Structures are given as structure tokens and as C-alpha cells.
Amino acid sequence: LRSLTVFRETIKPRAVNILFSQFVQQFIGLQSTNLRGSTISRIYRPAFRKFQSVCGDKLLASYTLRDVETFKSGRLKSCAPTTVNIEFRALRAAFNRAVKWQCLRDNPFLNSSPVKIPERLPVHFTREDFRLFVSKVREPFLKELFLFAALTGLRQGEILNLGWKNVDIERRLIIVANSDSFLTKSGKCRMVPMNNHVFELLCGKALTRGFSERVFHRKGRPLTQSYVEHKFKYYLREARL
């Protein structure tokens, strides 16, 4: 039995000597076709930077469970547990990819768990809250965007990347689909029916759509997630919600 164990260890593929920073470059380059650009820039890149700042830029195979736990405890001192778990899951997935690419033999994150977070009821608007919130929004195009979001349940990225080619007014359908610059969260397209309010909103926008290919824009320029999030939080504070 011992001989068999030794033999199995011997035939295991050896990890490639590669620094964490080098692996990060490879990961971002190779995964750019599988992951949304926003996912890489908003989740993976920050997680990689924070991990390297806490644990150092070492050979990928030299990281241990202790490094993982040091990372978690260090990050908990400066950010919320939810943020730590987002970074933890991104790093665990990246290290899993390193194992598949034979840059690493074992993933140290598999022996650790996300930070425990007390379960809370989801935060939501009441009808009165939402009316108050919308009443504070001064930009007409943002007011329409927020109404559309509440009435359809579409994700932020889906709304900001929605083009008129994916709006079927006649059949009252919104087609959420992948494009060259956008990938849905599931990677699959789906049909979202319009209720009367959404139908009227889109019909009104279609009459004044101008030259923009996108349904929601700012004087023809695409809206960014950071801009919409900033405005959303600003008007939440204005409404004292």
C-alpha cells in the first residue's frame, strides 16, 4: 500500500514554477473569452491585488492553507465579510484553474471555507419607498432606467447593454442575449415579456431614440456601471432610504 502511494505521488504532474503575478497575467489573458470584462475588472483583479498585498508575490506552489487564513483575517480588518467572501471565491476559482493548467498540484483554498455571515432578510423597496426614490431622480433618462429595472427585474449589465435590436415591440418581448462586448451571467439568452408599463415606456423611447443603438444612454453615449451606481446611491441618500 505504501509503495502504491509513493508511486501515485511520483506520477502526479509536477507543478510549474511560476510566480503568482505571472499566473495572474496568464489567467486574465486566457479567461478573457470565458468571463465578462466587468467580472474580471470588478472581481478578479481586485481579489488578485489584495491577495498579493497580504501574502506576497511568491511561487504559486508555495502558498499554503496558512496563507489563505492569513488573507481572510487580514482582509476582515478593513472590509465587510461579504467582500472577503467575494474575493475568496474568486481566488479559489483561479487556483482551481491553476490546478487544471498544471501550474499547481493542490489548491490550498479547498481546505478553507468562506467567512460565516449571519443570515439576513433581503433588503427591498416598498411601493412607497420606490415612489419616493424615483421622485428624487432629476435626470429623465435615469428615471426611465430605474423604472425599467424595477418593472423587468433585469440585471444592471443587461440593461446598460440592451440594444434596440433586442427589443421586439410587436411581440412585446425583450431579448437578453450575448454580444461581442457583453456576456450574460448564465451565458444563455432569454426572453423577458413586457408588461403594459414597460411597453409604453419603450414605445415612448423608440419615438425619440435618435442614432443610439442602445436603449438607455446619455445623449448618445453609453452609460457606465460606476456612473449608474453612483447616481443610484446619491438618490438613495437624497430620499433618506
Side-chain angles (χ1 to χ4, degrees), residues 1-123 155-158 182-188 224-226 229-230 233:
L1 181 61
R2 183 178 178 183
S3 298
L4 181 59
T5 302
V6 171
F7 175 72
R8 284 175 175 167
E9 290 297 316
T10 302
I11 65 173
K12 273 187 178 181
R14 293 186 177 183
V16 177
N17 286 327
I18 181 174
L19 288 171
F20 178 74
S21 57
Q22 293 173 321
F23 167 72
V24 167
Q25 292 177 354
Q26 290 184 13
F27 180 89
I28 292 173
L30 294 172
Q31 291 296 96
S32 59
T33 56
N34 299 323
L35 297 172
R36 289 177 292 174
S38 59
T39 300
I40 291 176
S41 62
R42 294 161 66 90
I43 296 178
Y44 280 93
R45 282 188 184 275
F48 291 150
R49 284 197 300 268
K50 296 301 182 183
F51 184 75
Q52 187 171 326
S53 68
V54 173
C55 301
D57 186 16
K58 302 190 293 187
L59 291 175
L60 202 61
S62 67
Y63 292 110
T64 64
L65 175 60
R66 181 171 182 172
D67 290 303
V68 176
E69 297 301 323
T70 299
F71 169 75
K72 289 195 300 183
S73 61
R75 292 294 288 139
L76 281 171
K77 295 176 183 177
S78 59
C79 61
T82 302
T83 302
V84 177
N85 284 343
I86 290 172
E87 294 173 350
F88 175 87
R89 292 188 177 96
L91 289 163
R92 182 175 61 187
F95 272 70
N96 273 338
R97 184 60 56 180
V99 173
K100 290 183 179 179
W101 290 344
Q102 296 186 5
C103 297
L104 191 64
R105 288 177 60 178
D106 299 298
N107 183 351
F109 281 84
L110 296 183
N111 295 319
S112 183
S113 302
V115 178
K116 289 186 178 180
I117 302 175
E119 188 174 356
R120 295 185 299 177
L121 291 174
V123 178
R155 298 182 177 92
Q156 184 190 59
E158 295 171 343
F182 175 72
L183 184 66
T184 65
K185 187 171 183 179
S186 65
K188 300 177 181 178
T224 63
Q225 288 189 332
S226 59
E229 287 176 2
H230 171 76
K233 292 175 183 177

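Everything numeric in this text was worked out from a predicted model, so none of it was measured.
Ile18 is listed as a side-chain neighbour of Gln26, based on a closest heavy-atom distance under 4.5 Å. Two residues are said to be in side-chain contact when any heavy atoms from C-beta on lie closer than 4.5 Å; Phe88 and Val68 meet this criterion. Residues Ile40 and Phe27 fail the side-chain proximity criterion, which asks for heavy atoms closer than 4.5 Å.
With hydrogens and angles left out, the side-chain atoms of Ser78 and Arg75 include a donor and acceptor closer than 3.5 Å.
Considering all non-hydrogen atoms of both residues, Val115 and Val84 come closest at CG2-CG1, 3.9 Å. When all heavy atoms are compared, the tightest approach of Ser41 to Pro46 is O-CD, 3.3 Å. Listed here is the closest heavy atom pair of Leu104 and Asn107: CD2-CA, 4.3 Å. Pairing each heavy atom of Asp106 with each of Val99, the nearest pair is C-CG2, 4.1 Å. Listed here is the closest heavy atom pair of Pro108 and Thr64: CB-C, 3.8 Å.
The ring-ring contact (aromatic ring centres under 6.0 Å, His included) test with Tyr63 is passed by exactly one of Phe23, Phe71, Phe51: Phe51.
When the shell of 6.0 Å around NZ of Lys50 is examined, it contains 12 or fewer heavy atoms from other residues, nucleotides or ligands.
In this structure, the separation between CZ on Arg42 and OG on Ser226 is 7.5 Å, given to the nearest 0.5 Å. Within the model, atoms CZ of Arg92 and CG of Asn96 stand 7.5 Å from one another, a figure rounded to the nearest 0.5 Å. The CG atom of Asn85 sits 12.0 Å away from atom NZ of Lys116, with the distance rounded to the nearest 0.5 Å. Here the CD1 atom belonging to Ile43 is positioned 11.5 Å from the CG atom belonging to Leu91, to the nearest 0.5 angstrom. The CD atom of Glu69 lies 8.0 Å from the OG atom of Ser113; values are rounded to the nearest 0.5 Å. Interatomic distance, CD of Gln225 versus CZ of Arg155, reported as 12.0 Å (0.5 Å rounding).
Side chain of Ser112 to main chain of Phe109: no donor-acceptor pair is present (N/O by atom type, distance under 3.5 Å, no hydrogens or angles).
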Next on the checklist: Quick one, Asp67 with Lys58, criterion side chain to side chain contact (heavy atoms under 4.5 Å, CB included). Give me CA distance, side-chain angles, the key distance, then yes/no.
Outcome noted: CA-CA 11 Å; Asp67 290 303; Lys58 302 190 293 187; 3.2 Å; yes

Checklist entry - Does the side chain to side chain contact (heavy atoms under 4.5 Å, CB included) test come out yes or no for Tyr44 and Val24, once each step is laid out? => result CA-CA 9 Å; Tyr44 280 93; Val24 167; over 6 Å; no

Checklist entry - Where do Ile28 and Leu35 land on the side chain to side chain contact (heavy atoms under 4.5 Å, CB included) test, with the steps shown first? => result CA-CA 9 Å; Ile28 292 173; Leu35 297 172; over 6 Å; no

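Between Phe48 and Phe20, the ring-plane angle classifies as perpendicular under the 30° and 60° cut-offs.
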